[in-house]
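Lettering of chains follows the sequences in order, A, B, ..., and the numbering in each one begins at 1.
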2 protein chains.
Amino acid sequence: MPEARLDLLASVLPLAKALRRIEDEAAAGHDLTMWQYAVLQVVAAGPGRNQAEVAARLDYSRNRIVADLDALEERGLLVRRAGADRRANELVITDDGTATMGAVQAAIHRAEDALLAPLSSQDRKALHRLLPKLAASARSSRPPPKAD
Amino acid sequence: MPEARLDLLASVLPLAKALRRIEDEAAAGHDLTMWQYAVLQVVAAGPGRNQAEVAARLDYSRNRIVADLDALEERGLLVRRAGADRRANELVITDDGTATMGAVQAAIHRAEDALLAPLSSQDRKALHRLLPKLAASARSSRPPPKAD
DNA sequence: TATTGTTATACTCTATAACTATA
DNA sequence: TATAGTTATAGAGTATAACAATA
(Lines give C-alpha, C1' and ligand atoms only; values in the text may rest on other atoms or scores of the structure.)
Protein backbone atom coordinates (compact mmCIF):
# COMPACT_ATOMS: atom_id res chain seq x y z
CA MET A 1 0.00 0.00 0.00
CA PRO A 2 1.12 3.59 -0.55
CA GLU A 3 2.92 5.33 2.24
CA ALA A 4 0.58 7.38 4.41
CA ARG A 5 0.42 10.95 3.16
CA LEU A 6 0.98 13.60 5.79
CA ASP A 7 -1.17 16.71 5.82
CA LEU A 8 1.02 19.60 4.74
CA LEU A 9 -0.11 21.61 7.75
CA ALA A 10 1.47 19.00 10.02
CA SER A 11 4.84 20.12 8.62
CA VAL A 12 4.12 23.75 7.90
CA LEU A 13 2.65 24.63 11.28
CA PRO A 14 5.74 23.66 13.32
CA LEU A 15 7.86 25.44 10.73
CA ALA A 16 5.77 28.59 10.91
CA LYS A 17 5.91 28.52 14.71
CA ALA A 18 9.69 28.21 14.69
CA LEU A 19 10.05 31.04 12.17
CA ARG A 20 7.62 33.17 14.13
CA ARG A 21 9.69 32.63 17.25
CA ILE A 22 12.86 33.54 15.36
CA GLU A 23 11.34 36.84 14.22
CA ASP A 24 9.82 37.60 17.61
CA GLU A 25 13.15 37.15 19.35
CA ALA A 26 15.17 39.01 16.74
CA ALA A 27 12.74 41.94 16.82
CA ALA A 28 12.59 41.90 20.62
CA GLY A 29 16.37 42.20 20.63
CA HIS A 30 15.82 45.70 19.27
CA ASP A 31 12.70 46.43 21.33
CA LEU A 32 10.37 45.83 18.41
CA THR A 33 7.49 43.48 17.84
CA MET A 34 7.42 41.21 14.82
CA TRP A 35 4.74 43.37 13.23
CA GLN A 36 6.69 46.57 13.80
CA TYR A 37 9.68 45.00 12.09
CA ALA A 38 7.46 43.84 9.22
CA VAL A 39 6.08 47.36 8.80
CA LEU A 40 9.62 48.76 8.65
CA GLN A 41 10.45 46.26 5.93
CA VAL A 42 7.51 47.19 3.74
CA VAL A 43 8.05 50.92 4.17
CA ALA A 44 11.74 50.51 3.35
CA ALA A 45 10.89 48.60 0.19
CA GLY A 46 8.35 51.17 -0.97
CA PRO A 47 8.61 54.59 0.65
CA GLY A 48 5.57 56.85 0.35
CA ARG A 49 2.91 54.18 0.70
CA ASN A 50 0.03 55.00 3.00
CA GLN A 51 -1.01 53.05 6.08
CA ALA A 52 -3.76 51.03 4.42
CA GLU A 53 -1.45 49.94 1.61
CA VAL A 54 1.25 48.79 4.01
CA ALA A 55 -1.27 46.89 6.11
CA ALA A 56 -2.72 45.19 3.02
CA ARG A 57 0.74 44.07 1.84
CA LEU A 58 1.26 42.36 5.19
CA ASP A 59 -2.24 40.88 5.31
CA TYR A 60 -2.47 42.96 8.47
CA SER A 61 -5.21 45.33 9.59
CA ARG A 62 -5.44 49.08 9.05
CA ASN A 63 -6.70 49.34 12.64
CA ARG A 64 -3.88 47.62 14.42
CA ILE A 65 -1.13 49.23 12.37
CA VAL A 66 -1.92 52.58 14.01
CA ALA A 67 -0.40 51.76 17.38
CA ASP A 68 2.65 50.19 15.71
CA LEU A 69 3.22 53.34 13.66
CA ASP A 70 2.83 55.47 16.78
CA ALA A 71 5.59 53.48 18.46
CA LEU A 72 7.87 53.52 15.41
CA GLU A 73 7.41 57.24 14.87
CA GLU A 74 8.02 58.07 18.51
CA ARG A 75 11.32 56.21 18.31
CA GLY A 76 12.27 58.05 15.14
CA LEU A 77 12.39 54.93 12.98
CA LEU A 78 9.91 56.28 10.43
CA VAL A 79 7.76 59.35 9.81
CA ARG A 80 4.19 60.04 8.71
CA ARG A 81 4.51 62.62 5.94
CA ALA A 82 1.68 64.74 4.55
CA GLY A 83 0.98 64.09 0.88
CA ALA A 84 -1.28 65.34 -1.88
CA ASP A 85 -4.28 63.40 -0.55
CA ARG A 86 -4.63 64.96 2.86
CA ARG A 87 -6.56 62.00 4.22
CA ALA A 88 -3.57 59.71 3.83
CA ASN A 89 -0.16 59.57 5.50
CA GLU A 90 2.85 58.87 3.32
CA LEU A 91 5.15 56.59 5.31
CA VAL A 92 8.90 57.07 5.03
CA ILE A 93 11.62 55.17 6.88
CA THR A 94 14.46 57.09 8.55
CA ASP A 95 18.17 56.26 8.54
CA ASP A 96 17.80 54.97 12.08
CA GLY A 97 14.87 52.87 10.92
CA THR A 98 16.85 51.42 8.03
CA ALA A 99 19.72 50.54 10.34
CA THR A 100 17.49 48.91 12.94
CA MET A 101 15.55 47.01 10.30
CA GLY A 102 18.79 45.75 8.78
CA ALA A 103 20.11 44.59 12.13
CA VAL A 104 16.94 42.65 12.90
CA GLN A 105 16.92 41.10 9.44
CA ALA A 106 20.53 39.99 9.78
CA ALA A 107 19.70 38.28 13.07
CA ILE A 108 16.71 36.58 11.46
CA HIS A 109 18.75 35.30 8.55
CA ARG A 110 21.38 33.90 10.88
CA ALA A 111 18.73 32.01 12.85
CA GLU A 112 17.10 30.80 9.65
CA ASP A 113 20.42 29.46 8.45
CA ALA A 114 20.76 27.51 11.68
CA LEU A 115 17.30 26.07 11.18
CA LEU A 116 18.15 24.98 7.63
CA ALA A 117 21.56 23.64 8.61
CA PRO A 118 20.43 19.97 8.67
CA LEU A 119 19.52 20.20 4.97
CA SER A 120 21.88 19.84 2.05
CA SER A 121 22.94 22.92 0.14
CA GLN A 122 20.82 21.77 -2.80
CA ASP A 123 17.76 21.28 -0.62
CA ARG A 124 18.20 24.74 0.88
CA LYS A 125 18.35 26.29 -2.56
CA ALA A 126 15.26 24.37 -3.61
CA LEU A 127 13.36 25.64 -0.58
CA HIS A 128 14.32 29.25 -1.17
CA ARG A 129 13.03 28.82 -4.70
CA LEU A 130 9.85 26.84 -3.96
CA LEU A 131 8.50 28.57 -0.87
CA PRO A 132 7.91 31.93 -2.57
CA LYS A 133 6.19 30.11 -5.44
CA LEU A 134 3.90 28.31 -3.03
CA ALA A 135 3.23 31.52 -1.12
CA ALA A 136 2.09 33.15 -4.34
CA SER A 137 -0.33 30.31 -4.94
CA ALA A 138 -1.55 30.57 -1.36
CA ARG A 139 -2.07 34.31 -1.65
CA SER A 140 -4.09 33.94 -4.83
CA SER A 141 -6.35 31.44 -3.08
CA ARG A 142 -7.02 33.95 -0.33
CA PRO A 143 -10.64 35.01 0.30
CA PRO A 144 -11.47 38.66 -0.45
CA PRO A 145 -10.54 40.90 2.50
CA LYS A 146 -13.47 42.10 4.54
CA ALA A 147 -14.49 45.67 5.28
CA ASP A 148 -11.79 46.23 7.89
CA MET B 1 24.66 43.21 -5.66
CA PRO B 2 23.01 39.99 -4.43
CA GLU B 3 19.28 39.65 -4.85
CA ALA B 4 17.36 40.73 -1.74
CA ARG B 5 16.75 37.73 0.49
CA LEU B 6 13.18 37.31 1.64
CA ASP B 7 12.48 36.30 5.23
CA LEU B 8 11.19 32.73 5.15
CA LEU B 9 8.23 33.72 7.30
CA ALA B 10 7.06 36.04 4.51
CA SER B 11 6.44 32.90 2.45
CA VAL B 12 5.57 30.43 5.16
CA LEU B 13 2.95 32.56 6.93
CA PRO B 14 0.65 32.95 3.90
CA LEU B 15 1.13 29.26 3.20
CA ALA B 16 0.27 28.28 6.76
CA LYS B 17 -2.80 30.50 6.68
CA ALA B 18 -4.02 28.91 3.44
CA LEU B 19 -3.45 25.40 4.80
CA ARG B 20 -5.12 26.29 8.05
CA ARG B 21 -8.15 27.52 6.12
CA ILE B 22 -8.20 24.32 4.08
CA GLU B 23 -8.26 22.20 7.24
CA ASP B 24 -10.80 24.42 8.98
CA GLU B 25 -13.21 24.17 6.07
CA ALA B 26 -12.69 20.45 5.50
CA ALA B 27 -13.24 19.72 9.18
CA ALA B 28 -16.24 22.07 9.36
CA GLY B 29 -17.75 20.09 6.48
CA HIS B 30 -18.09 17.24 8.98
CA ASP B 31 -18.95 19.45 11.97
CA LEU B 32 -15.48 19.19 13.43
CA THR B 33 -12.87 21.77 14.35
CA MET B 34 -9.37 21.50 12.98
CA TRP B 35 -8.11 20.40 16.40
CA GLN B 36 -10.77 17.73 16.74
CA TYR B 37 -9.72 16.35 13.37
CA ALA B 38 -6.07 16.46 14.41
CA VAL B 39 -6.87 14.55 17.59
CA LEU B 40 -8.68 11.87 15.58
CA GLN B 41 -5.63 11.52 13.37
CA VAL B 42 -3.22 11.01 16.25
CA VAL B 43 -5.51 8.56 18.04
CA ALA B 44 -6.00 6.62 14.82
CA ALA B 45 -2.24 6.39 14.31
CA GLY B 46 -1.58 5.24 17.87
CA PRO B 47 -4.57 3.79 19.73
CA GLY B 48 -4.28 3.58 23.50
CA ARG B 49 -2.34 6.77 24.06
CA ASN B 50 -3.55 8.96 26.90
CA GLN B 51 -4.75 12.55 26.62
CA ALA B 52 -1.47 14.19 27.61
CA GLU B 53 0.48 12.15 25.06
CA VAL B 54 -1.91 13.05 22.25
CA ALA B 55 -1.79 16.73 23.18
CA ALA B 56 2.01 16.69 23.27
CA ARG B 57 2.22 15.11 19.80
CA LEU B 58 0.13 17.97 18.43
CA ASP B 59 1.99 20.65 20.38
CA TYR B 60 -1.45 21.25 21.84
CA SER B 61 -2.47 21.67 25.45
CA ARG B 62 -3.68 19.01 27.85
CA ASN B 63 -6.23 21.54 29.11
CA ARG B 64 -7.93 22.38 25.85
CA ILE B 65 -8.00 18.81 24.57
CA VAL B 66 -10.59 17.96 27.23
CA ALA B 67 -13.49 19.77 25.57
CA ASP B 68 -12.51 18.37 22.17
CA LEU B 69 -12.54 14.83 23.54
CA ASP B 70 -15.90 15.46 25.19
CA ALA B 71 -17.34 16.45 21.80
CA LEU B 72 -15.72 13.57 19.93
CA GLU B 73 -16.83 11.02 22.51
CA GLU B 74 -20.39 12.32 22.59
CA ARG B 75 -20.57 11.89 18.82
CA GLY B 76 -19.23 8.37 19.09
CA LEU B 77 -16.05 9.09 17.10
CA LEU B 78 -13.74 7.88 19.85
CA VAL B 79 -13.87 6.49 23.38
CA ARG B 80 -12.03 7.07 26.64
CA ARG B 81 -11.12 3.59 27.87
CA ALA B 82 -9.96 2.71 31.38
CA GLY B 83 -6.45 1.29 31.52
CA ALA B 84 -4.04 -0.10 34.08
CA ASP B 85 -3.10 3.34 35.37
CA ARG B 86 -6.46 4.55 36.59
CA ARG B 87 -5.44 8.19 36.40
CA ALA B 88 -5.11 8.02 32.62
CA ASN B 89 -7.62 7.51 29.83
CA GLU B 90 -6.64 5.29 26.94
CA LEU B 91 -8.01 6.86 23.78
CA VAL B 92 -9.38 4.63 21.03
CA ILE B 93 -10.98 5.69 17.75
CA THR B 94 -14.25 4.06 16.65
CA ASP B 95 -15.21 2.87 13.17
CA ASP B 96 -17.31 5.98 12.76
CA GLY B 97 -14.34 8.05 13.84
CA THR B 98 -12.07 6.36 11.34
CA ALA B 99 -14.55 6.95 8.54
CA THR B 100 -15.08 10.61 9.43
CA MET B 101 -11.37 11.21 9.80
CA GLY B 102 -10.72 9.63 6.41
CA ALA B 103 -13.36 11.75 4.73
CA VAL B 104 -11.93 14.97 6.16
CA GLN B 105 -8.43 13.93 5.19
CA ALA B 106 -9.49 13.18 1.63
CA ALA B 107 -11.04 16.64 1.33
CA ILE B 108 -7.87 18.20 2.71
CA HIS B 109 -5.66 16.37 0.26
CA ARG B 110 -7.86 17.44 -2.65
CA ALA B 111 -7.60 21.08 -1.59
CA GLU B 112 -3.84 20.75 -1.06
CA ASP B 113 -3.47 19.36 -4.56
CA ALA B 114 -5.29 22.40 -5.94
CA LEU B 115 -2.95 24.67 -4.00
CA LEU B 116 0.09 22.87 -5.39
CA ALA B 117 -1.31 22.74 -8.92
CA PRO B 118 0.78 25.70 -10.18
CA LEU B 119 3.98 23.77 -9.39
CA SER B 120 5.64 21.18 -11.57
CA SER B 121 5.36 17.54 -10.62
CA GLN B 122 9.03 17.53 -9.66
CA ASP B 123 8.61 20.58 -7.44
CA ARG B 124 5.64 19.00 -5.72
CA LYS B 125 7.62 15.89 -4.98
CA ALA B 126 10.49 17.97 -3.66
CA LEU B 127 8.15 19.81 -1.32
CA HIS B 128 6.58 16.66 0.05
CA ARG B 129 10.10 15.46 0.76
CA LEU B 130 11.58 18.68 2.15
CA LEU B 131 8.79 20.02 4.33
CA PRO B 132 8.79 17.08 6.77
CA LYS B 133 12.56 17.37 7.02
CA LEU B 134 12.31 21.05 7.83
CA ALA B 135 9.51 20.40 10.31
CA ALA B 136 11.76 17.94 12.14
CA SER B 137 14.45 20.59 12.40
CA ALA B 138 11.87 23.12 13.59
CA ARG B 139 10.55 20.74 16.23
CA SER B 140 14.03 20.03 17.56
CA SER B 141 14.62 23.77 17.94
CA ARG B 142 11.47 24.07 20.02
CA PRO B 143 11.78 25.45 23.58
CA PRO B 144 11.00 22.99 26.40
CA PRO B 145 7.24 22.81 27.04
CA LYS B 146 6.10 24.61 30.17
CA ALA B 147 4.19 23.21 33.11
CA ASP B 148 0.86 23.12 31.24
C1' DT C 1 -21.00 58.25 -1.41
C1' DA C 2 -16.47 56.25 -0.58
C1' DT C 3 -11.92 56.24 1.63
C1' DT C 4 -8.20 57.19 5.32
C1' DG C 5 -7.00 57.22 9.78
C1' DT C 6 -8.53 56.45 14.33
C1' DT C 7 -10.77 54.65 18.52
C1' DA C 8 -13.65 51.56 21.10
C1' DT C 9 -15.74 47.14 21.69
C1' DA C 10 -16.36 42.20 21.44
C1' DC C 11 -14.72 37.80 20.53
C1' DT C 12 -11.47 33.89 19.95
C1' DC C 13 -7.51 31.68 21.08
C1' DT C 14 -4.04 30.73 24.19
C1' DA C 15 -1.44 30.66 28.65
C1' DT C 16 -1.43 30.10 33.61
C1' DA C 17 -3.06 28.48 37.91
C1' DA C 18 -5.40 25.48 40.91
C1' DC C 19 -8.06 21.44 42.29
C1' DT C 20 -9.01 15.93 42.52
C1' DA C 21 -7.81 11.41 42.18
C1' DT C 22 -4.58 8.41 41.59
C1' DA C 23 0.36 6.75 41.65
C1' DT D 1 6.03 14.04 45.74
C1' DA D 2 4.62 13.73 41.06
C1' DT D 3 1.34 12.89 37.27
C1' DA D 4 -3.38 12.70 34.55
C1' DG D 5 -7.45 14.82 34.02
C1' DT D 6 -10.32 18.72 34.77
C1' DT D 7 -11.99 23.44 35.54
C1' DA D 8 -11.67 28.40 36.03
C1' DT D 9 -9.39 32.66 35.15
C1' DA D 10 -6.60 36.02 32.84
C1' DG D 11 -4.28 37.60 28.89
C1' DA D 12 -2.89 38.24 23.95
C1' DG D 13 -4.32 38.48 19.48
C1' DT D 14 -7.83 39.33 16.25
C1' DA D 15 -12.23 40.87 14.23
C1' DT D 16 -16.08 44.11 13.93
C1' DA D 17 -18.29 48.58 14.30
C1' DA D 18 -18.45 53.35 14.43
C1' DC D 19 -16.66 58.12 13.93
C1' DA D 20 -14.31 62.58 11.87
C1' DA D 21 -11.85 64.42 8.06
C1' DT D 22 -11.25 64.43 3.31
C1' DA D 23 -12.06 63.11 -1.49
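- Remark: A:D70 does not engage A:R75 in a salt bridge, criterion side-chain N to carboxylate O under 4.0 Å.
- Residue pairs meeting the ring-ring contact (aromatic ring centres under 6.0 Å, His included) criterion with at least one member in residues 8-47 of chain B, sequence neighbours excluded: B:W35-B:Y60.
- Listed pair A:R64 / C:dT6 fails the phosphate criterion, with no side-chain N or O lying under 4.0 Å from OP1 or OP2.
- Among pairs with a residue in residues 72-113 of chain A, none fulfils ring-ring contact (aromatic ring centres under 6.0 Å, His included), at least two apart in sequence or across chains.
- C:dT4 atom C1' lies 17 Å from atom CZ of A:R81, rounded to whole Å.
- Legend: residues meeting side chain to side chain donor-acceptor pair (under 3.5 Å) with A:N89, ordered by chain and number and at least two apart, are A:Q51.
- Under the side chain to side chain donor-acceptor pair (under 3.5 Å) criterion, A:R64 pairs with no residue, sequence neighbours left out.
- Between the C1' atom of C:dA15 and the CD1 atom of B:I65 lies a distance of 16 Å, rounded to the nearest Å.
- For B:R20, the side chain to side chain donor-acceptor pair (under 3.5 Å) criterion is met by B:D24, not counting sequence neighbours.
- Residue pairs satisfying the salt bridge (Lys or Arg N to Asp or Glu O under 4.0 Å) criterion with at least one member in residues 89-111 of chain B, sequence neighbours excluded, are listed as follows: B:R81-B:E90.
- Screening residues 34-61 of chain B for salt bridge (Lys or Arg N to Asp or Glu O under 4.0 Å), with sequence neighbours left out, gives A:K17-B:D59, B:D59-B:R142.
- Within residues 70-78 of chain B, no residue has a heavy atom under 4.0 Å from DNA chain D.
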For nucleotides 19-23 of chain D, print each protein N/O atom paired with a nucleotide N/O atom at under 3.5 Å, atom names and distance only.
| residue | atom | partner | partner atom | Å |
| --- | --- | --- | --- | --- |
| D:dA23 | OP1 | A:R86 | N | 3.0 |

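- Straight-line distance from the NZ atom of A:K17 to the C1' atom of C:dT14: 10 Å, rounded to whole Å.
- One atom, CZ of B:R20, and another, P of D:dT14, lie 12 Å apart when rounded to the nearest Å.
- One can place CG of A:L13 at 13 Å from C1' of C:dC13, the figure rounded to the nearest angstrom.
- Between the side chain of A:N63 and the base of D:dT16, at least one donor-acceptor pair of N or O atoms lies under 3.5 Å.
- Only B:N50, B:Q51, B:A52, listed by number, bring a heavy atom of residues 23-53 of chain B to less than 4.0 angstrom from any atom of DNA chain D.
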Carefully, step by step, assess B:E112 and B:R124 under the rule salt bridge (charged side-chain N to carboxylate O under 4.0 Å, His left out). CA-CA 11 Å; B:E112 285 179 355; B:R124 279 196 295 274; over 6 Å; no
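- For A:R129, the salt bridge (Lys or Arg N to Asp or Glu O under 4.0 Å) partners are B:D123, not counting sequence neighbours.
- Rounding to whole angstrom units, CZ of residue A:R80 and C1' of C:dG5 are separated by 8 Å.
- Applying the under-4.5 Å side-chain rule to Ile, Leu, Val, Met, Phe, Trp and Tyr, the cluster around A:L6 consists of that residue alone.
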